[in-house]
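First up is the structure itself, then whatever we jot down about it.
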Amino acid sequence: MANSATLTTDSKQTWGGGKSPFSVSYGKLMMWIFLLSDAFTFSSLLVAYGFVRFTFTGSLPNTVVKPFAHLSHNFVEEMQKAGMFVTERWPSPELVFNHFPFLHGIHLPLMFVSLMTFILIFSSVTMVLAVEAGHRMAKKEVENYMILTIIGGAAFLGCQAWEWTNFITEGASLSSNPFGPTAFAALFFIVTGFHGTHVLSGVILNIVIYLNVVNGTYEKRGHYEMVEKVGLYWHFVDLVWVFVFTFFYLI
Amino acid sequence: MDHIEHLEHTESPANMKSQIWRTFWVLLALTLVDIVLYFVLLSSHSIAKNILFVFLGIVKAFYIVSVFMHMKFERKFLVWIIIAPMIFVCFLIWLALTEAGYTFGMRLF
């Protein structure tokens, strides 16, 4: 608590200028402020989802398909006839996102998106390990962890592309949705799309940083703070996914 | 000429690496709890279930922000600058969900 002691007892030294009162560099402070504004953007999108969802009748309890059951070819039509997929009723995400690659025709709710969640959490871990290696000025380790983070991000984007393709093939778009209210599909595409754009720009930033690490830019500069700043952004993307996962799939 | 910058930053603790891995296991465990609860509560559509999942999400967010984003080692002032404005999000949630109840009623009649 030595820092906060300085903050209270000697405020002239803390706020007198010439150094950061927050004990972080300008760039890092601005990254935090940007992430705060981005958190507001995502919050408003998720709150909009909550609002729209609450204006619709809740989904019916599913008594038709059990997990691991085989799905028929005209599953969507059957659900429409059973009154599960109608425009007045919010569909249960369990019945909408139930596919897994190479396991076609089996009812596997939540499985694929859980895999995506694990991928993103793990890439967050490799990112923070890259930051930790940067503190020790271990160039080779930073390189390796950055590569793993980039692979994780790319894998996540690939999974999302697969998820979108499935949903679009079944007839969902910004203006149509065979599973229920149009707003369900529109919000899904906008929110996961906006998150996916963040992942994509995160991967691009990670690649840029990786190339700088390889070229020894930060070695010459004397610190790897750039890895930290991009790391903050990357963890934020993971953080947002926790809530997208909760609201779009779990609830 | 190499230019070496002086950098202001808060120090990480010596056991940072073990803290990172511990956080990873916590996040993994919480996600597994999510999945198990999802299948256990599959047929229920109660508000309590929603609150439970949101609560678990907030716990995960706490671990990501505090350890991965280094927040718990930063100065209190910075922490509050980032966390305090979130009160507006809470207000927005309350406002939107209350209004949604009225809109739901209007949709029915």
Side-chain angles (χ1 to χ4, degrees), chain A residues 3-4 7 19-25 28-29 32-33 35-36 39-40 43-44 47-48 50-59 61-63 67 94 109-110 114 117-118 121-122 124-125 127-129 131-132 135 220-223 225 228 231-232 235-236 238-239 242-243 245-246 250-251, chain B residues 2-12 16-17 20-21 23-24 27-28 31-32 34-35 37-39 42-45 49-50 53-54 56-58 60-61 64-65 67-70 74-78 81-82 85-86 88-89 92-93 95-97 99-104 106-108:
Chain A
N3 287 345
S4 57
L7 198 71
K19 64 173 190 159
S20 166
F22 308 111
S23 208
V24 289
S25 70
K28 206 169 172 183
L29 179 63
W32 270 112
I33 301 292
L35 292 182
L36 176 62
F40 281 146
S43 302
S44 52
V47 171
F51 176 84
V52 174
R53 184 169 179 165
F54 266 54
T55 65
F56 281 94
T57 314
S59 36
N62 167 27
T63 49
E94 175 217 346
L110 206 74
S114 302
T117 308
F118 289 135
I121 290 177
F122 199 73
S124 227
V125 174
M127 185 80 227
V128 76
L129 288 171
V131 171
E132 196 272 334
H135 284 150
K220 281 187 212 121
R221 197 176 284 174
H223 60 78
E225 207 208 12
E228 266 177 73
L232 280 179
H235 299 311
F236 176 74
D238 184 22
L239 178 70
V242 165
F243 289 102
F245 174 68
T246 304
L250 283 177
I251 292 180
Chain B
D2 289 352
H3 173 66
I4 306 229
E5 288 177 11
H6 165 70
L7 185 72
E8 278 188 76
H9 67 104
T10 41
E11 289 298 328
S12 299
M16 192 61 197
K17 216 165 186 168
I20 291 168
W21 281 111
T23 310
F24 167 69
L27 289 174
L28 191 72
T31 311
L32 289 173
D34 266 341
I35 296 168
L37 283 176
Y38 177 86
F39 283 105
L42 201 54
S43 52
S44 94
H45 290 288
K49 174 183 156 181
N50 295 357
F53 281 132
V54 173
L56 284 169
I58 291 170
K60 277 188 270 182
I64 293 171
V65 173
V67 181
F68 286 180
M69 296 173 90
H70 209 258
E74 304 292 357
R75 286 208 178 168
K76 289 283 177 294
F77 210 101
L78 177 62
I81 282 175
I82 303 302
M86 283 294 140
F88 293 113
V89 173
L92 186 64
I93 291 168
L95 197 67
L97 295 189
E99 283 303 308
Y102 295 115
T103 315
F104 173 66
M106 286 164 79
R107 205 193 275 285
L108 287 180

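Not measured: the values here are computed from a predicted model. Chain naming here is simple, since letters A, B, ... match the order of the sequence lines and numbering starts at 1 in each.
- Between B/Met69 and A/Phe236 there is a side-chain heavy-atom pair separated by less than 4.5 Å.
- Looking at heavy atoms from C-beta onward, A/Leu239 lies in side-chain contact with B/Val65 at the 4.5 angstrom threshold.
- B/Tyr102 does not touch chain A: none of its heavy atoms, backbone or side chain, sits under 4.5 Å away.
- Only the side chain of B/Ile64 comes within less than 4.5 Å of a heavy atom of chain A; its backbone N, CA, C and O stay farther away.
- Closest approach of B/Tyr38 to A/Pro109, counting heavy atoms only: OH-CB, 3.8 Å.
- In this structure, B/Phe24 and A/Phe122 have perpendicular ring planes: the angle between them is above 60°, well past the 30° mark.
- Nearest heavy atoms, B/Leu42 versus A/Pro67: CD2-CG, 3.9 Å.
- When all heavy atoms are compared, the tightest approach of B/Gly57 to A/Val242 is O-CG1, 3.6 Å.
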How far apart are the C-alpha atoms of B/Arg107 and A/Phe56, what are their side-chain angles, what is the distance that settles it, and do they pass the side-chain contact (heavy atoms from CB on, under 4.5 Å) test?
CA-CA 8 Å; B/Arg107 205 193 275 285; A/Phe56 281 94; 3.5 Å; yes

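- Counting heavy atoms from C-beta outward, A/Phe51 and B/Leu95 have side chains that stay 4.5 Å or more apart.
- Side-chain contact between B/Ser12 and A/Glu132 is absent, with no heavy atoms from C-beta onward closer than 4.5 Å.
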The test is side-chain contact (heavy atoms from CB on, under 4.5 Å); show your working for A/Trp32 and B/Ile81 and say whether it passes.
CA-CA 9 Å; A/Trp32 270 112; B/Ile81 282 175; over 6 Å; no

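- Of the residues considered (A/Thr57, A/Leu129, A/Asn62), A/Leu129 shows the highest number of contacts with chain B, using heavy-atom pairs under 4.5 Å.
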side-chain contact (heavy atoms from CB on, under 4.5 Å) assessment of A/Val128 paired with B/Val67:
CA-CA 9 Å; A/Val128 76; B/Val67 181; 6.0 Å; no

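- With chain A as partner, the option from B/Val54, B/Asn50, B/Thr103 having the largest number of non-hydrogen pairs under 4.5 angstrom is B/Asn50.
- No side-chain heavy atom of A/Val131 sits under 4.5 Å from any side-chain heavy atom of B/Phe68.
- Between B/Met86 and A/Leu36 the shortest heavy-atom distance is CE-CD1, 3.7 Å.
- Only the side chain of A/Thr246 comes within less than 4.5 Å of a heavy atom of chain B; its backbone N, CA, C and O stay farther away.
- Here the NZ-CG distance, from B/Lys49 to A/Leu250, works out to 8.5 Å after rounding to the nearest 0.5 Å.
- Taking CD1 of B/Ile82 as the start and CG of A/Leu35 as the end, the distance is 7.5 Å to the nearest 0.5 Å.
- Interface residue B/Leu92: backbone and side-chain heavy atoms are both found under 4.5 Å from chain A.
- Side-chain contact between A/Ser43 and B/Phe88 is absent, with no heavy atoms from C-beta onward closer than 4.5 Å.
- A/His235 touches chain B through backbone and side chain together, each having a heavy atom under 4.5 Å away.
- Residues passing the side-chain hydrogen bond (donor to acceptor under 3.5 Å, both in side chains) test with A/Glu225 are A/Ser25, sequence neighbours excluded.
- Between chain B and the options A/Ile121, A/Asp238, A/Leu110, heavy-atom pairs under 4.5 Å are most frequent for A/Leu110.
- Taking NZ of A/Lys28 as the reference point, atom CD of B/Glu74 lies at 5.0 Å (rounded to 0.5 Å).
- Of the listed residues B/His9, B/His45, B/Lys60, the one with more heavy-atom pairs under 4.5 angstrom with chain A than any other is B/His45.
- The minimum heavy-atom distance between A/Phe22 and B/Leu78, with the atom names listed, is CD2-N, 4.1 Å.
- When all heavy atoms of A/Pro21 and B/Arg75 are compared, the closest pair comes out as O-NH1, 2.9 Å.
- Contact of B/Glu99 with chain A is made through backbone and side chain together, with heavy-atom distances under 4.5 Å.
- In this structure the side chain of A/Phe243 reaches within 4.5 angstrom of the side chain of B/Ile58, judged on heavy atoms.
- With sequence neighbours left out, the side-chain hydrogen bond (donor to acceptor under 3.5 Å, both in side chains) criterion links A/Thr117 to A/Trp241.
- A/Phe54 CZ: 12 or fewer foreign heavy atoms inside a 6.0 Å radius.
- Taken from CD in A/Glu228 to NE2 in B/His70, the straight-line distance is 6.5 Å, to the nearest 0.5 Å.
- In this structure, chain B has heavy atoms under 4.5 Å from both the backbone and the side chain of A/Glu94.
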